[in-house]
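Comments concern the structure below.
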Protein chains: 2
Amino acid sequence: MAVTRKIPTIQDVARHAQVSAATVSRVLSSPERVSETTRKRVEEAVRATGYTINQAARSLRMRSARTLLLAAPDVGNPFYSTIVEAVIGTAGQHGYGVLVASRLGDDPNRWLSDYLNSNRADGLLLFDGSLDTSRLHDLGGAEGLPLVAAYDEPPDPAVHSVLIDNREAARRVVQFLHGLGHRQIGHVSGLSRNQSTNERLLGFETEMRALGLKIVPEWVVPGIYNMESGLGAVRKMVASGHMPTAIFAANDEMAIGVIRGLREAGLSCPGDVSVVGFDDIAVASYYDPAITTMHQPREAIGRIATEALIEIIEGDVSEERPRHVMLKSELVVRDSTRRLG
Amino acid sequence: MAVTRKIPTIQDVARHAQVSAATVSRVLSSPERVSETTRKRVEEAVRATGYTINQAARSLRMRSARTLLLAAPDVGNPFYSTIVEAVIGTAGQHGYGVLVASRLGDDPNRWLSDYLNSNRADGLLLFDGSLDTSRLHDLGGAEGLPLVAAYDEPPDPAVHSVLIDNREAARRVVQFLHGLGHRQIGHVSGLSRNQSTNERLLGFETEMRALGLKIVPEWVVPGIYNMESGLGAVRKMVASGHMPTAIFAANDEMAIGVIRGLREAGLSCPGDVSVVGFDDIAVASYYDPAITTMHQPREAIGRIATEALIEIIEGDVSEERPRHVMLKSELVVRDSTRRLG
DNA sequence: TTGTATGCGTTATCAG
DNA sequence: CTGATAACGCATACAA
């Protein structure tokens, strides 16, 4: 069993420096309010005792934990993990720790509000659009607990958000393929519980119609954002008897699965079928063929969302209106697409 | 600015249920010590008030935060992110939250001990072998703060650890290639600050010698565990004028870079050069060619390390001796390797 | 079985 | 500029 060694408290420091605890506290939080000499003495005492502030006591007193709660559907996924990395970095710069929740259980809203109410975290960074609207609102929103939704559009427009325009981005993908001469275009969409999925699908359909292209039901198949489902989607298309000349996958992992499925069916990419992904995860540029994809500024999404949340927590945001930051996405053309004919 | 709504305290519940705060506390922590009827009334009051326990107060009182601190070099990396996912899940099952630290700054030891001493976390899960031994010891270790090191070997044998045998695994890789007829084998190693890197390199060298194979210096090149460095390593080999028939990369991402570099040089994998990776990240089986790699049980590493840490924290571990759990790794043979000749 | 009193370590208020 | 004091919300020793 661990030997419980005595952790020095502010009182120990005070004793050591021959001042009151209040003075020590002041040296730590607002040094300018303490005289040069006492400050020096206190700082020395802090060093000598090896004192570190007790956050539990501080949180209790200040009603703030200097901790953010980050909720994502799956931190193991490279897409989210990049964002998590950015959030941790940004939060750290502002003196905040990050508590990470992944794959919330049966009652995510309850779980999240417990976390927030319990004073373990000061605010919530939500990277999961699949949460129940109604309860989400009274959990956070305009006048509730600090909450910023990012990446996936929050079902409730009253919450602050940081996003790209998924619908418009999907339209640009279709335009790009159309410009390459493709007329028969398929789409592998993602989990429909994510609003961004639906936006991409909607963008796909909208632009197809706008260009006068036919949407073939057999070529529009749902996936679940992993490689296996991309592979499965292609198998379905193959089974249907005829293939599109281009496939737009709603994320890069499904695009990888699609390319693999194509090869399995004796088709080449981009020779026979062009493939476009979404997100631009690290491996996209190293896959063979290197994947053409819609780049999402994930680092920026994580950073900006974190900064916004901290501003809200610290009351720097005077505006009542929720902020909706829209970031730019950009198509990165690589080798998985080619001009038709 | 957010309207601060009144968060109910244990007092509010007590008032509502017409009992003392102590009774409410008891209902929450040891219900069996309270009479049926009062308990019912209190439970009802909890529901009515929407009470959630204040963790800050509880932590202060109990000297425990029910929170684990997880430190990894780069959470954005798919290898670590899988582990993180497992840790979060396991910790959650035991009622612990997980605070994640990534890319610690200049003085990681200081940073970590601050976190632990400040009562924000009860123990540390260390997935980074690059930390300074000496200070690590007085930070945690046998009789210090609860600490479990995983994945990378801790420099200090006094700390609990959960690992695979990297050296032995590397030897098996070489044996496998040798069995395929390869005699000219190269190695792309990783960051030398990681002990596991050095173990893999050592295993490579040991087995090469044991098999009477020549270690060609131009074919043993260091990388930094990302795809770019795998590509760079191959470029160096190519520049040296002659190539091995097989390359063992210390992780899958470098293996991907290696394969890409090979192709860039007009060489095929596995036609001209066989490639073996390490870790078995998700994309390994979907790459083209599917990558032969040493599978590390990352989920198990994360889970077992977490369980061990919690046991230590809760004092279930009576043994003074540090535990060293050694997990099995397994070579997964796919398409990036082939029999020579 | 339940209530009362106390203290965990900190910061803020208010005197001096 | 500094010190004494109270309060943050909870869990427990002790009393009833």
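Throughout, a chain's letter reflects where its sequence line sits, starting with A, and its residues are numbered from 1.
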Using a strict cut-off of less than 4.0 Å between a Lys/Arg side-chain nitrogen and an Asp/Glu carboxylate oxygen, indicate whether E311(A) and R323(A) qualify as a salt bridge.
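Yes, charged N to carboxylate O under 4.0 Å.
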Partners passing side-chain contact (heavy atoms from CB on, under 4.5 Å) against [X] (at least two apart in sequence or in another chain):
X: Q195(A); value: D152(A), E153(A), N198(A), E199(A)
X: L69(B); value: L99(B), A101(B), W111(B), L112(B), Y115(B), L116(B), A121(B), L124(B)
X: L28(A); value: V24(A), V46(A), Y51(A)

Solution key, residues 83-97 of chain B side-chain donor-acceptor pairs under 3.5 Å, sequence neighbours excluded:
residue : atom : partner : partner atom : Å
E85(B)  : OE1  : V75(A)  : N            : 3.0
E85(B)  : OE1  : G76(A)  : N            : 3.2
E85(B)  : OE1  : S102(A) : OG           : 2.8
E85(B)  : OE2  : S102(A) : OG           : 3.2
E85(B)  : OE2  : R103(A) : NE           : 2.5
T90(B)  : OG1  : A86(B)  : O            : 2.8
Y96(B)  : OH   : E314(B) : OE2          : 2.9

Can you list the residues that meet the ring-ring contact (aromatic ring centres under 6.0 Å, His included) rule with F127(A), with sequence neighbours excluded?
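F127(A) satisfies ring-ring contact (aromatic ring centres under 6.0 Å, His included) with no other residue.
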Quick one: list whatever passes ring-ring contact (aromatic ring centres under 6.0 Å, His included) with Y151(A), sequence neighbours left out.
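So Y151(A) forms a ring-ring contact (aromatic ring centres under 6.0 Å, His included) with F79(A), Y80(A).
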Nucleic acid contacts of residues 41-48 of chain B, taken as heavy-atom distances under 4.0 Å to DNA chain C:
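Nothing qualifies; none.
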Quick test of your reading: applying side chain to side chain donor-acceptor pair (under 3.5 Å), list the pairs with at least one residue in residues 52-69 of chain A, sequence neighbours left out, ordered by first then second residue.
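Every side chain to side chain donor-acceptor pair (under 3.5 Å) pair that includes a residue of residues 52-69 of chain A, provided the two are not neighbours, is T67(A)-R120(B).
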Tell me, which pairs form a side chain to side chain donor-acceptor pair (under 3.5 Å) where one or both residues lie in residues 14-34 of chain A, sequence neighbours left out?
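Of all non-adjacent pairs touching residues 14-34 of chain A, those that pass side chain to side chain donor-acceptor pair (under 3.5 Å) are D12(A)-R15(A), S20(A)-T23(A).
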Please enumerate all protein N or O atoms sitting under 3.5 Å from an N or O of nucleotides 3-5 of chain C, with distances to 0.1 Å.
residue : atom : partner : partner atom : Å
dG3(C)  : OP2  : S20(B)  : N            : 3.0
dG3(C)  : OP2  : S20(B)  : OG           : 3.1
dG3(C)  : OP2  : T23(B)  : OG1          : 2.5
dG3(C)  : N7   : R26(B)  : NH2          : 2.8
dG3(C)  : O6   : R26(B)  : NH1          : 3.2

Of the non-hydrogen atoms in A17(A) and A45(A), which two are nearest, and what is the gap between them?
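Heavy-atom minimum between the residues: CB-CB, 3.7 Å.
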Starting at atom [atom1] of [X], determine the distance to atom [atom2] of [N], rounded to an integer number of angstrom.
X: R120(B); N: dG9(C); atom1: CZ; atom2: P; result: 18 Å
X: Q11(B); N: dA7(D); atom1: CD; atom2: C1'; result: 12 Å
X: D12(B); N: dC8(D); atom1: CG; atom2: P; result: 11 Å
X: R33(B); N: dT12(D); atom1: CZ; atom2: P; result: 10 Å

What parts of residues 51-68 of chain B reach DNA chain D, counting only heavy atoms under 4.0 Å away?
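The answer is Y51(B), I53(B), N54(B), A57(B), R58(B), R61(B), M62(B).
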Classify T38(A) by what it touches in the nucleic acid, base, sugar-phosphate, or nothing, heavy-atom distance under 4.0 Å.
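Answer is sugar-phosphate: T38(A) comes under 4.0 Å of backbone atoms only.
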Within the structure shown, what part of the strands sits under 4.0 Å from T9(A) by heavy-atom distance: base, sugar-phosphate, or nothing?
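If one applies the 4.0 Å heavy-atom cut-off, T9(A) turns out to touch the sugar-phosphate alone, with no base involved.
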Could you pull out every donor-acceptor pair under 3.5 Å between side chains of residues 299-307 of chain A and any protein atom, sequence neighbours left out?
residue : atom : partner : partner atom : Å
E299(A) : OE2  : R303(A) : NE           : 3.4
T306(A) : OG1  : G302(A) : O            : 2.6

